[in-house]
Amino acid sequence: MTQQGSFQKVRVRYAPSPTGYLHVGGARTALYNFLYARKNHGDFILRVEDTDEARSSMESLRMVIDDMQWLGLTWEEGPNPKTLEDIGDFGPYKQSARQKIYQAVAQELLQKGLAYYCFLTDAEIEQQKAAVTAEGGQHHLQSPYENWSLAQAQEKLKAGDKAVVRFKTKNLKKDYVLHDLIRGEVRFPSDMVGDFVLLRSDGMPVYNFCCVVDDHLMQISHVLRAEEHLSNTLRQLMIYEAMSWVTPQFGHVSLVLDDDRQKLSKRKGATSCNQFRDEGYLPEAILNFIALLGWSHPEEKEVLSLKEMMDSFSTDRLHSSGAVFDRVKLKWVNAQHLRAKNETDLWQLVEPFLVKNQVAFFSSPQWQNQALRIFKPYMETLVDAVELFKTLDDKHFQIQAESKEVYDWPSSPAVLKAWKDVLEASVDSEITEEGFLKLQDEVKTKSGTKGKFLFMPMRVAVIGKPHGTELKTIIPLMTKKALVNRAEIALAKVNGQWN
RNA sequence: GUCCCCUUCGUCUAGAGGCCUAGGACGGCUCCCUUUCACGGAGCAGACACGAGUUCGAAUCUCGUAGGGGACGCCA
C-alpha cells in the first residue's frame, strides 16, 4: 500500500535536465514550485537531472542557473549558483553523482524479485515489436529473462554480457489511482506499461527510477510538474509501491502552447528566458505573465509582484487545460511593470541597452531621469528605449520618410525658416520649457501658421518625424547647438528634393 | 493504434447546480483627454465544442461523440 501525503514539512523541487537554456515552460514549473514553497514556509530544492550524459552539459547547467537567478527564483538546496557546489543536507543534488544510491535500490528490487536483469539487445527488441505490431496486438515487451534467478543472471553478467535492470510489471494490482492536486482522481490500468528499464546497461539510472528514489530520499512532499509526466506517474507509483515508500502529492500542470496550439516552439519567437532578457523584458514581468498561464489570483488581479504571488498562491487555483503563450499580452504586462519603476532604477536597466546599441546620452542623472519620465509611456520593453534615445543623439538624427507629407504643406518652409532664425537669435545655450514656449510664439507670428501646420514641421525639425513626444518637454533635453543643426538639416531637406 | 489528460469570447481566465441576460484582462473597434503620437479615462462587439441524460433548475454532475494535447525509449 502506498500512502499519499503525511510529510513533516513542505519540500518541493524543480528538477531540470541541463540540456539547453531555461525554457519558459520550465520556468513556469519552477515558479509554481517556488511559490508553493514560499507560501507554505517550505524548502525549494534545485535538483539536476543529468543522467542523459550525451545531452547534459555544465554549460547548460550554468545557463539554467543564471536564468533562475535572473528571475529571482532562489533555492535552499542544490548547486550553489556561483560555484555549482552542493548546498544542503540531502545531496548530492546532481543525479550523475548519485549512481551508488540508485544501484543500491535496484539491488534491493532485484533481491526481492521485483526487478530482473534483461539481456535483450536492441535488435531483438525491434524484432519483437515488429512481430507484435504486425498482428495488431499490444506491444509490451516480453523478456525471456524475467524469471531467471539472480544467480543465473549474475553468471551471465560475469561472462561479460551487458544487461539492463527492468522492473517487473507482472503480478501487480489491476490499476493504480493517482490523487492529483490539479486533475483529481486519475486511474491507470497497470497493463498500460510493460517492463520498463530502471538501470541502463552502463549502470546509469533512467528518469522514472531516479526521480522516485530522489523524491523519496530528499523527502519531497509535493511534486508540481508538467503534464507530459502524467503517464510516467504510473511507473513511478509502481516503484513507490514496490519499495513501500510514501508517495508525495502530485500535481500535473498542462503545457504551454504556441498560437497554433502546438508545444511552444522556437520558430515562433523567443521561448527561453535569456532571449526575453535580451529583448528587454523584465524578470518580474515574465514571472507575472507565466504565472497567469494556468493559475489565477483569488481576486483576479492581473499585474502582480512576486511577493503578491507568494502570498496568494495555492494549488487549487491551478487549472488543467493547455495555455497559449500570448506574446502580445506579455508585452502589456512588461509595460505595466516597467512603468511602475522609478526613473533611477529604470535607468540602470536601460543604460546597457543604449551602450550596446551605441546610443549616446548625457551623464547627468537629472537629464536621464527627465528623459525617462518623457519616454516611459512610449516604452513596452527596455529595447524600445534605444529608438527613443536615438532621437536625442545627433549622430542618429535623420528626417524620416513619414515626414514627407508634412513637408509638402505650402506653409512648412516658412515655419522651418522662422524656427531656425528664432533659435539662432536666442541668447540661451540651453532652452528651457518656458524659453521654448516664447520661441514657439515667435515662430507662430513670423510664419503665420498655427495648429498642426505649426507643430508638425517643427517636430520634424527636432526629432525627424511628425509624431512623437511633446516639443516643450523634449527640447530642454537638447542643446541649442544641436537644435540649430537639426533645423538646418530640415530646412535643406524641405527646400531640396526627397529622394 | 493503445492508454491517459483537456475543451468558457481571437488569447489568458472567473465560474464548485439557482447569484449567469456568463464576470475580468490582453487584443480589436468607438468616443473623451490632447497641437501629433503615446499614456490615461469611458464605452461597444465577442465564448460555455456537440448530443443525450440526472434535476424543479446545468457552463457547473453523468455518459457518449468530435476536436486538441500527452505518453507508449537503455530521453527527461
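In what follows, every heavy atom counts, from backbone to side chain, and hydrogens, waters and symmetry copies are set aside. Every chain is numbered from 1, with letters handed out A, B, ... down the list of sequences.
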Peer 1: Which nucleotide in the set B/C74, B/C12, B/A76 lies at the smallest distance from any side-chain heavy atom of A/Ser17?
Peer 2: B/A76
Peer 1: List in chain and number order the residues that pass salt bridge (charged side-chain N to carboxylate O under 4.0 Å, His left out) with A/Lys263, two or more places apart in sequence or in another chain; answer none if no residue qualifies.
Peer 2: A/Glu228
Peer 1: Over all strands shown, is A/Val324 touching base, sugar-phosphate only, or nothing at heavy-atom distances under 4.0 angstrom?
Peer 2: sugar-phosphate
Peer 1: For a quick check of understanding: with a heavy-atom distance under 4.0 Å over all strands, which category does A/Val186 fall into, base, sugar-phosphate or nothing?
Peer 2: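 Sugar-phosphate only.
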Peer 1: Looking only at atom P, what distance separates B/A25 and B/G67, rounded to whole Å?
Peer 2: 35 Å
Peer 1: So which pairs with a foot in residues 437-474 of chain A pass ring-ring contact (aromatic ring centres under 6.0 Å, His included), sequence neighbours left out?
Peer 2: A/Trp409-A/Phe453
Peer 1: Any donor and acceptor pair, going by atom type alone, linking the side chain of A/Asn33 with main-chain N or O of A/Thr29 inside 3.5 Å?
Peer 2: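 Yes; at least one donor-acceptor contact below 3.5 Å.
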Peer 1: Please set out all donor-acceptor pairs under 3.5 angstrom arising from side-chain atoms of residues 210-218 of chain A, sequence neighbours excluded.
Peer 2:
from	atom 1	to	atom 2	distance (Å)
A/Asp214	OD1	A/Arg98	NE	2.7
A/Asp214	OD1	A/Arg98	NH2	3.0
A/Asp214	OD1	A/Tyr102	OH	3.1
A/Asp214	OD2	A/Gln95	NE2	2.8
A/Asp214	OD2	A/Tyr102	OH	2.6
A/Asp215	OD1	A/Arg13	NE	3.0
A/Asp215	OD1	A/Arg47	NH1	2.8
A/Asp215	OD1	A/Arg47	NH2	3.2
A/Asp215	OD2	A/Arg13	NH2	2.9

Peer 1: Please work out which residues in residues 293-300 of chain A have a non-hydrogen atom less than 4.0 Å from an atom of RNA chain B and list them by number.
Peer 2: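 Within residues 293-300 of chain A, the residues near RNA chain B are A/Leu293, A/Gly294, A/Ser296, A/Glu300.
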Peer 1: Are the side chain of A/Gln128 and the backbone of A/Ile125 linked by a donor-acceptor contact shorter than 3.5 Å?
Peer 2: no
Peer 1: Excluding sequence neighbours, so at least two apart, what forms side chain to side chain donor-acceptor pair (under 3.5 Å) with A/Lys446?
Peer 2: none
Peer 1: Once you apply a heavy-atom cut-off of 4.0 Å, does A/Arg187 come out as touching a base, just sugar-phosphate, or nothing?
Peer 2: sugar-phosphate
Peer 1: What nucleic acid atoms does A/Lys465 come within less than 4.0 Å of, heavy atoms only: base, sugar-phosphate, or nothing?
Peer 2: nothing
Peer 1: Please determine whether a side-chain nitrogen or oxygen atom of A/His319 lies at a distance below 4.0 Å from atom OP1 or OP2 of B/C12.
Peer 2: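 No, because none of the side-chain N or O atoms of A/His319 sits under 4.0 Å from OP1 or OP2 of B/C12.
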Peer 1: What string of B, S and - do you get for nucleotides 61-66 of chain B, 5' to 3', when a contact is any protein heavy atom under 4.0 Å?
Peer 2: ------
Peer 1: Here's a test of your reading of the structure: between A/Asp202 and A/Leu292, which maps to the more 5' nucleotide of RNA chain B?
Peer 2: A/Leu292
Peer 1: So A/Glu302, base contact, sugar-phosphate only, or nothing? Heavy-atom distance under 4.0 Å.
Peer 2: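 The answer is base, as A/Glu302 lies within the cut-off (heavy atoms under 4.0 Å) of a base atom.
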Peer 1: Remember a base hit wins even if backbone is also touched, and classify A/Thr19 as base, sugar-phosphate or nothing at under 4.0 Å, heavy atoms.
Peer 2: nothing
Peer 1: Determine which nucleotide pairs with B/U7, using a 3.5 Å limit on both distances of a Watson-Crick or G-U wobble pair.
Peer 2: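 With both distances under 3.5 Å, B/U7 matches B/A66.
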Peer 1: Enumerate the salt bridge (Lys or Arg N to Asp or Glu O under 4.0 Å) contacts for residues 458-471 of chain A, please, sequence neighbours excluded, ordered by first and then second residue.
Peer 2: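 Residue pairs with at least one partner in residues 458-471 of chain A: A/Glu470-A/Lys472.
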Peer 1: According to side chain to side chain contact (heavy atoms under 4.5 Å, CB included), who are the partners of A/Pro466, at least two apart in sequence or on a separate chain?
Peer 2: A/Glu402, A/Ser403, A/Val406, A/Met456, A/Val460
Peer 1: Please list, chain by chain and in numerical order, all residues satisfying side chain to side chain contact (heavy atoms under 4.5 Å, CB included) with A/Gln262, sequence neighbours excluded.
Peer 2: A/Asp260
Peer 1: Hunt down the Watson-Crick or G-U wobble partner of B/U54, both distances under 3.5 Å, from any strand shown, or write none.
Peer 2: none
Peer 1: I need the full list of side chain to side chain donor-acceptor pair (under 3.5 Å) pairs touching residues 283-297 of chain A, with sequence neighbours left out, sorted by first then second residue.
Peer 2: A/Glu284-A/Lys341, A/Asn288-A/His337, A/Ser296-A/Arg317
Peer 1: Could you pull out all residues at least two apart from A/Val197 that satisfy side chain to side chain contact (heavy atoms under 4.5 Å, CB included)?
Peer 2: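 Side chain to side chain contact (heavy atoms under 4.5 Å, CB included) check on A/Val197 returns A/Val164, A/Arg166, A/Val206.
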Peer 1: Rounded to whole angstrom, note down the C1' distance from B/A38 over to B/C33.
Peer 2: 13 Å
Peer 1: With a 6.0 Å cut-off (strictly less than), is the heavy-atom count around NZ of A/Lys417, excluding the residue itself, greater than 12?
Peer 2: no
Peer 1: Using atom P in both nucleotides, what's the gap between B/A16 and B/G73 to the nearest angstrom?
Peer 2: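 Each nucleotide's P atom is 42 Å from the other's.
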Peer 1: What string of B, S and - do you get for nucleotides 31-42 of chain B 5' to 3' if you count protein non-hydrogen atoms under 4.0 Å?
Peer 2: ----BBBSS---
Peer 1: Using a heavy-atom cut-off of under 4.0 Å over every strand shown, decide if A/Arg327 touches base, sugar-phosphate, or nothing.
Peer 2: nothing
